Amino acid sequence: MRKTGAFLTVVVTMAFCYLYLYKRFEPSHVHHARKDDKESDLCAASPCEHGFCVVRFDRPTCICEEGWTGPSCSWEQNECHSNPCHHGKCVDGVSSYTCECADGWIGTNCEQDIRPKQEPPQKLAPAAVPEDDDSAEDVEHGQAKRMSVLNDYCSRYPTKSSEYPSKHTLGQLIVNDKYNILYCFVPKTGCTTTKLVFYNLEKGTNHTLNTVEVHKYNFTFLDQYSDEEIQQRLKNYRKFIVVRDPLERLLSAWRDKFVHGRDLLTEKFQDMWSTIENKTDSEYDKLRNVPFKAFLKAVAMDQKKWHNAHWEPAYKLCSPCQVKFDFVAHTDTLAEDFPLFFKKIGITGKDSFLPKKRQTRGGKFLSEDYKVISFEDMREIWTMFKPDFDMFGYSFEEDITGLLRTKNTK
């Protein structure tokens, strides 16, 4: 009887310990589309004096503005702590520093030597390493890191990974039976360029964007097959996706559809104005460009009437943990990613129609658009797109730091 009682005591104690540790270290669920009252209370109880509050592991965390540090962003950072002045004395300022250079040195960090030079002894030049080899190795390493991040994310949610892709996702997967490829089509990620590559692969042509309109071509999508054919292709085909920083993608979608394009979407989503104006839907008769602030608020509200693939999160469009992609390309590295993908699946002699290296259309903070967005609205967007940030290795914290730096230089 005593042994039984002791055993039950041990079991109960272990159960309580498990529950405590689970609640203590349980990560916040990445699929919550909205911010709850608990998160608001936690941030309200621990305000950030000079920064932006997010909740991680049920704890408020401050992302500090440039020049501030500490748990609540209340400590002014000593800009001289890292010894930035190479040959001189550092004088700390507010979010800045100045260097008093020693004789013979100039520059922001006293890094430029203006002393009389002596000819150095000649040395034999080291053997040159082909630049292409280093570049290819970097791309290969970057791809391995992207796949590791995605697989690690999916391993933390095995239930989601075991589910079958939704019909919505099957309708986004373009099928190339000639080379056994599935490509998940995510708008505003360089999809016009990517579609052109798959068009030329399928047709055996070498068209450019000037000679063919790829968006009018009727690609074959996976939902057009039978259940058996779908399962066979999901199991055996190479699965390819192109993604983009969520904040950059949202800005691109707004510019394209509401500023430069002014197509049917401008008329369809006129009532997005209601997020910043007190009017009814029937009062939006006059066609006006939807402001970026109103657009972001509408997207964050996640209402069905404002849903559209151009700003729908990539994880909802493509179900990465269910599809189990083999290759993750980024919009800004398509020119490097495509040759590696072709190499991995054994496609040769097709380099002529691959995208050439070029800048993406506008960086996240090269414009004034994000400067007018409040931290509260940014938090709503982060909550909605958090899986995209986590799955594909993007950093909301780095984006916010860039935004704060841009605001400070305004």
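Everything numeric in this text was worked out from a predicted model, so none of it was measured. Side-chain atoms are counted along with the backbone in the values below, which use heavy atoms only and exclude waters and symmetry mates.
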Ion pair [X]/[Y], N-O distance below 4.0 Å:
X: R146; Y: D337; answer: yes
X: D388; Y: R244; answer: no
X: E312; Y: K188; answer: no
X: K305; Y: D271; answer: yes

Answer yes if the ring centres of F221 and F219 are under 6.0 angstrom apart, and no otherwise.
->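 No, the ring of F221 stays outside the 6.0 Å limit from the ring of F219, centre to centre.
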Taking the six-membered ring where the residue is Trp, are the ring centres of F292 and F258 under 6.0 Å apart?
->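 Aromatic pair excluded; centres sit 6.0 Å or further apart.
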Verdict with supporting geometry, H307 and D302, side chain to side chain donor-acceptor pair (under 3.5 Å) | CA-CA 7 Å; H307 283 183; D302 199 21; 2.9 Å; yes
In Å, rounded to the nearest 0.5 Å, how long is the span from [atom1] of [X] to [atom2] of [Y]?
X: T61; Y: I63; atom1: OG1; atom2: CD1; answer: 8.0 Å
X: I381; Y: K297; atom1: CD1; atom2: NZ; answer: 10.0 Å
X: L196; Y: H215; atom1: CG; atom2: NE2; answer: 10.0 Å

Write down the atom of [X], the atom of [Y], and the distance for their closest heavy-atom approach.
X: W311; Y: M272; value: CZ2-CE, 3.9 Å
X: Y315; Y: M391; value: CB-SD, 3.8 Å
X: F342; Y: L201; value: CZ-CD1, 3.8 Å
X: A300; Y: M384; value: CA-SD, 4.0 Å

Are the side chains of [Y] and [X] in contact, using a 4.5 Å heavy-atom criterion?
X: M378; Y: L247; result: yes
X: V186; Y: V242; result: no
X: L340; Y: K344; result: yes

Under-2.5 Å SG separation for cysteines [X], [Y]:
X: C99; Y: C85; result: yes
X: C48; Y: C73; result: no
X: C321; Y: C154; result: yes

Backbone N or O of H310 within a donor-acceptor pair of the N308 side chain at under 3.5 Å?
->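 Present.
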Identified salt bridge (Lys or Arg N to Asp or Glu O under 4.0 Å) partner of D326 from the options K239, K235, R238 |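 Answer after filtering K239, K235, R238: K239.
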Take I347 and F341, measure what side chain to side chain contact (heavy atoms under 4.5 Å, CB included) needs, and give me the verdict at the end.
-> CA-CA 9 Å; I347 296 179; F341 177 64; 5.9 Å; no
Does NZ or CZ of K386 lie under 6.0 Å from the centre of the six-membered ring of F396, at an angle within 45° of the ring axis?
->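 No cation-pi geometry.
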